[in-house]
Amino acid sequence: MSVFEKPGWFRLELPEGWEADGDEDPVSVYQPEGPGALQVSAQAPRPLPPGGKIDAYLLLRAFLKQTGVEFDDLDARRYSERGYDWASCEYEADDPDGGGLLWRAWMATNHDLVVFLSYCCREEDRDRERAAVDAIIASLELK
């Protein structure tokens, strides 16, 4: 296990054999011979009014709709875990090279920072890295 940290933003634990390219924005996390990649970006939202909260679910829905994804509320999930508010969904899209792609997306916030994470691979590889990606997502720490 190794650790990737973007100082002042977030920290992730990476399984054996996974790498992170922190020089890019978004950060790419991947297994060199793996079928997909996890992209991670973080930002500080506009200041909130006293007691204000960020709705990760609405942010995820707005972002995906803005990028042309038909957001199905039935396929999306809203939850709180480890002190963060989360939203997640999974969807399929056409691959320009033929076949299909599986996309998984998450939005997490501690109400000071918002992190967007997305993973993409070919449909036929949908479960090949699922456990590793889930472990990386579960390790997220916001700074």
Side-chain angles (χ1 to χ4, degrees), residues 1-93 95-97 100-143:
M1 177 109 24
S2 63
V3 172
F4 172 80
E5 186 167 350
K6 188 157 185 161
W9 295 98
F10 61 88
R11 176 185 184 275
L12 296 169
E13 293 178 4
L14 308 181
E16 187 72 33
W18 284 70
E19 299 177 5
D21 185 353
D23 294 333
E24 300 294 321
D25 191 31
V27 172
S28 291
V29 180
Y30 56 93
Q31 189 174 22
E33 301 301 320
L38 178 67
Q39 304 286 312
V40 187
S41 60
Q43 62 181 343
R46 291 183 292 222
L48 296 170
K53 294 213 177 237
I54 296 168
D55 190 325
Y57 184 86
L58 293 178
L59 277 177
L60 180 62
R61 184 174 73 181
F63 176 79
L64 292 176
K65 282 188 173 186
Q66 183 179 14
T67 59
V69 174
E70 288 297 321
F71 189 86
D72 186 344
D73 289 333
L74 298 176
D75 293 334
R77 184 173 163 227
R78 177 194 304 255
Y79 57 103
S80 292
E81 197 168 272
R82 296 180 344 273
Y84 306 138
D85 289 334
W86 291 82
S88 66
C89 71
E90 196 169 295
Y91 60 95
E92 295 172 2
D95 183 347
D97 296 330
L101 297 173
L102 171 74
W103 284 90
R104 300 177 69 199
W106 300 262
M107 193 76 72
T109 185
N110 61 2
H111 304 286
D112 292 323
L113 297 174
V114 176
V115 176
F116 176 67
L117 307 102
S118 65
Y119 174 81
C120 183
C121 67
R122 293 188 171 280
E123 281 181 2
E124 61 264 22
D125 294 319
R126 71 184 311 123
D127 293 321
R128 195 164 139 198
E129 295 182 321
R130 185 174 293 271
V133 171
D134 288 348
I136 294 168
I137 299 298
S139 77
L140 178 69
E141 254 182 64
L142 302 182
K143 298 297 179 175

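- The CD atom of Glu13 sits 9.0 Å away from atom OG of Ser2, with the distance rounded to the nearest 0.5 Å.
- How far CZ of Phe116 is from OG1 of Thr109: 14.0 Å, rounded to the nearest 0.5 Å.
- Applying the side chain to side chain donor-acceptor pair (under 3.5 Å) rule to Arg78 yields the partners Asp55; only residues at least two apart in sequence or on another chain are considered.
- For Asp127, the CG atom is densely surrounded, since the number of other residues' heavy atoms within 6.0 Å is greater than 12.
- Heavy-atom minimum distance, Pro35 versus Tyr119: CG-OH, 4.2 Å.
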Report task. Please assess Leu142 against Val115 for the test side-chain contact (heavy atoms from CB on, under 4.5 Å), listing each intermediate value before the final yes or no. Result -> CA-CA 8 Å; Leu142 302 182; Val115 176; 3.2 Å; yes
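- Lys143 and Asn110 get closest at one heavy-atom pair: O-ND2, 4.1 Å.
- For the pair Cys121 and Gly36, the tightest heavy-atom approach, listed with the atom from each and the gap, is CB-CA, 4.0 Å.
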Requested in this report: For the pair Val40 and Trp9, evaluate side-chain contact (heavy atoms from CB on, under 4.5 Å) and give the outcome as yes or no after the intermediate values.
Outcome: CA-CA 11 Å; Val40 187; Trp9 295 98; over 6 Å; no
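- Residues that satisfy the ring pair (Phe, Tyr, Trp, His ring centres under 6.0 Å) test with Trp86, not counting sequence neighbours, are Tyr79.
- Atom CZ of Arg104 and atom CG of Leu38 lie 9.0 Å apart (nearest 0.5 Å).
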Report task. Go through Asp125 and Arg122 one step at a time and tell me if the salt bridge (Lys or Arg N to Asp or Glu O under 4.0 Å) criterion holds. Result -> CA-CA 5 Å; Asp125 294 319; Arg122 293 188 171 280; 5.9 Å; no
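- For the atom pair CH2 (Trp103) and OG1 (Thr67), the distance works out to 8.5 Å, reported to the nearest 0.5 Å.
- Taken to the nearest 0.5 Å, the CD atom of Gln39 stands 9.0 Å off from the CD atom of Glu24.
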Report task. Step by step, work out the side-chain contact (heavy atoms from CB on, under 4.5 Å) result for His111 and Asp85. Result -> CA-CA 8 Å; His111 304 286; Asp85 289 334; 2.7 Å; yes
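- Between Pro32 and Gly17, the shortest heavy-atom contact is CD-O, 3.2 Å.
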Query raised in the report: For Glu123 and Asp95, what are the C-alpha separation, side-chain angles and deciding distance, and is it a side-chain contact (heavy atoms from CB on, under 4.5 Å)?
Result: CA-CA 9 Å; Glu123 281 181 2; Asp95 183 347; over 6 Å; no
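- Minimum interatomic distance between Leu140 and Tyr84 (heavy atoms only, all atoms of both residues): O-CE1, 3.5 Å.
- Going from atom CG of Leu60 over to atom CZ of Arg77 covers 12.5 Å, rounded to the nearest 0.5 Å.
- Nearest approach of Ser139 to Arg82, heavy atoms of both residues: C-NH2, 4.1 Å.
- At a threshold of 4.5 Å between non-hydrogen side-chain atoms, the residues Glu90 and Leu102 count as touching.
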